[in-house]
**Student:** 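So that we are looking at the same thing, I have put the structure below in structure tokens.
Residues: numbered from 1 along the sequence shown.
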Amino acid sequence: LALRPHTSPVQIRYMQKNKPPFRIIAPGKCFRREATDAAHEHTFYQFEALVVGEDINVGNFKYIGEQFFSKFFKKDIKVRLRPSYFPFTEPSFEFDISCTVCTGKGCKSCKDGGWLEIGGCGMVNQEIFVAAGYPRNKYQGFAWGFGLERLAMMKWKIDDIRLMNSGDLRFINQF
């Protein structure tokens, strides 16, 4: 047995019981065998988004991501999609936003690169739709899995994710 490393299983269970079009958010706690540093933690909260319909494309996905982050941070946020690989999506991307801690100049949070990886994403692989009982190539969709702690880091300019689970009252009391 292993603790879940992502919240993606919620998506397939939802698809097996519901027919498109739909939009869902699936939050949950995740556990990874990962070394910790200022931007990575082995235990974190993630929220998955899944949007499925007949005319969904990467442009829809990028637009919704830009709108979400701009509203969340209450200012225009630059986003970028870097090619990556995830077994549930094709094409797959790493979703980055411009660092709000340093405004893109470089800091500990973004490893001096000006960008912070928020999570994995992509267009849902047709094999996933088939496994859910949908006809091949009838529907398209996108999915993302973003870490809530990383969003909090950017919103409140926290430069070390490890503070989230530190129990340090000086950190907690500022909120």
**Student:** Is there a side-chain contact between Val124 and Tyr134, using heavy atoms and a 4.5 Å cut-off?
**Tutor:** no
**Student:** Are side-chain heavy atoms of Arg32 and Phe44 found at a separation under 4.5 Å?
**Tutor:** yes
**Student:** Could you tell me which non-hydrogen atom of Ala143 sits nearest to which non-hydrogen atom of Leu50, and how far apart they are?
**Tutor:** CB-CD1, 4.1 Å
**Student:** Quick check: do Glu94 and Leu81 have side-chain heavy atoms less than 4.5 Å from each other?
**Tutor:** no
**Student:** So does Asp76 have more than 12 non-hydrogen atoms from other groups sitting under 6.0 Å from CG?
**Tutor:** no
**Student:** Centre-to-centre under 6.0 Å for Phe146 and Phe69, is that the case here?
**Tutor:** yes
**Student:** Is there side-chain contact between Met154 and Ile97, with at least one heavy-atom pair below 4.5 Å?
**Tutor:** yes
**Student:** Using only atom types and a distance under 3.5 Å, with no angle test, would you say the side chain of Glu66 pairs donor to acceptor with the backbone of Tyr63?
**Tutor:** no
**Student:** Taking Phe47 as the starting point, is it possible to reach Phe88 by hopping between hydrophobic residues whose side chains are less than 4.5 Å apart?
**Tutor:** no
**Student:** Rounded to the nearest 0.5 Å, what's the gap from NZ on Lys78 to CZ on Arg80? Could you check?
**Tutor:** 11.0 Å
**Student:** A side-chain contact here means heavy atoms from C-beta on lying under 4.5 Å apart; do Lys138 and Arg136 qualify?
**Tutor:** no
**Student:** Assess, by modelled atom type and distance only, whether the side chains of Glu54 and Gln140 contain a donor and an acceptor separated by less than 3.5 Å.
**Tutor:** no
**Student:** Using every non-hydrogen atom in the two residues, find where Ala38 and Asp159 come nearest and quote the distance to one decimal.
**Tutor:** CB-O, 3.7 Å
**Student:** For a quick test of reading the model, state the closest non-hydrogen atom pair linking Gln126 to Asn137 and the distance between them.
**Tutor:** OE1-N, 2.7 Å
**Student:** Same cluster or not: Ile24 versus Phe68, using hydrophobic residues (I, L, V, M, F, W, Y) connected whenever any side-chain heavy atoms lie under 4.5 Å apart?
**Tutor:** no
**Student:** Rounded to the nearest 0.5 Å, what's the gap from OG1 on Thr89 to CD on Glu127? Could you check?
**Tutor:** 13.0 Å
**Student:** Would you confirm whether the ring centroid of Tyr139 sits within less than 6.0 angstrom of the ring centroid of Phe22?
**Tutor:** no
**Student:** Side-chain heavy atoms nearer than 4.5 Å, only ILVMFWY residues, links allowed to pass through others: does that put Val130 and Ile128 together?
**Tutor:** no
**Student:** Looking at every heavy atom in both Ala26 and Thr7, which two are closest together, and how far apart are they?
**Tutor:** O-OG1, 3.6 Å
**Student:** What's the separation between atom CH2 in Trp115 and atom OG in Ser98, rounded to the nearest 0.5 Å?
**Tutor:** 5.5 Å
**Student:** Side chains of Glu41 and Thr36 only: does a donor on one sit below 3.5 Å from an acceptor on the other?
**Tutor:** no
**Student:** For Ile56 versus Gly141, what's the shortest heavy-atom pair and its separation?
**Tutor:** CG2-CA, 3.9 Å
**Student:** Once you round to the nearest 0.5 Å, how far does CD of Gln174 lie from CG of Leu169?
**Tutor:** 12.0 Å
**Student:** Apply side-chain contact (heavy atoms from CB on, under 4.5 Å) to Val10 and Glu48, showing your working.
**Tutor:** CA-CA 9 Å; Val10 174; Glu48 297 263 346; over 6 Å; no
**Student:** Does Thr100 reach the side chain of Met153, with side-chain heavy atoms less than 4.5 Å apart?
**Tutor:** no
**Student:** Look up atom CZ in Arg150 and atom CD1 in Ile161, then write down how far apart they are to the nearest 0.5 Å.
**Tutor:** 5.5 Å
**Student:** Between Cys30 and Tyr45, does the side-chain contact (heavy atoms from CB on, under 4.5 Å) criterion hold? Intermediate values first, please.
**Tutor:** CA-CA 6 Å; Cys30 298; Tyr45 287 93; over 6 Å; no
**Student:** Which word best sums up how the rings of Phe61 and Phe95 line up, parallel for under 30°, tilted for 30 to 60°, or perpendicular for over 60°?
**Tutor:** perpendicular
**Student:** According to a 4.5 Å side-chain heavy-atom criterion applied to Ile, Leu, Val, Met, Phe, Trp and Tyr, with indirect links allowed, do Ile25 and Ile12 form part of one hydrophobic cluster?
**Tutor:** no
**Student:** For residues Met164 and Glu149, report the shortest heavy-atom separation together with the two atoms involved.
**Tutor:** CE-O, 3.5 Å
**Student:** Between Phe73 and Trp144, is there shared hydrophobic-cluster membership here, with clusters defined by ILVMFWY side-chain heavy atoms closer than 4.5 Å?
**Tutor:** yes
**Student:** So is Lys155 actually on top of Phe72's ring, under 6.0 Å and inside 45° of the axis?
**Tutor:** yes
**Student:** Taking the side chain as everything from C-beta on, heavy atoms only, tell me whether Val51 gets closer than 4.5 Å to Asn60.
**Tutor:** no
**Student:** Within the side chain of Ser70, is there an N or O that forms a donor-acceptor pair under 3.5 Å with the backbone of Gln67?
**Tutor:** no
**Student:** Please enumerate all residues that pass ring pair (Phe, Tyr, Trp, His ring centres under 6.0 Å) together with Phe93, with sequence neighbours excluded.
**Tutor:** none
**Student:** In sequence, state the C-alpha distance, the side-chain angles, and the governing distance for Cys99 and Cys107, and then conclude on side-chain contact (heavy atoms from CB on, under 4.5 Å).
**Tutor:** CA-CA 9 Å; Cys99 183; Cys107 68; 3.8 Å; yes
**Student:** Report the C-alpha separation of Phe31 and His42 in whole Å, then their side-chain angles, then the decisive distance to 0.1 Å, and conclude whether the side-chain contact (heavy atoms from CB on, under 4.5 Å) test is met.
**Tutor:** CA-CA 6 Å; Phe31 307 87; His42 56 75; over 6 Å; no
**Student:** Would a 4.5 Å heavy-atom cut-off, applied to side chains only, mark Asp96 and Ile118 as touching?
**Tutor:** no
**Student:** Taking NZ, NE, NH1 and NH2 as the nitrogens, is one of them in Asp112 or Lys105 under 4.0 Å from a carboxylate oxygen of the other?
**Tutor:** no
**Student:** Going by distance alone, is a donor N or O of one side chain under 3.5 Å from an acceptor N or O of the other, for His40 and Arg162?
**Tutor:** no
**Student:** Got a donor-acceptor contact below 3.5 angstrom from the Arg23 side chain to the Val52 backbone?
**Tutor:** no
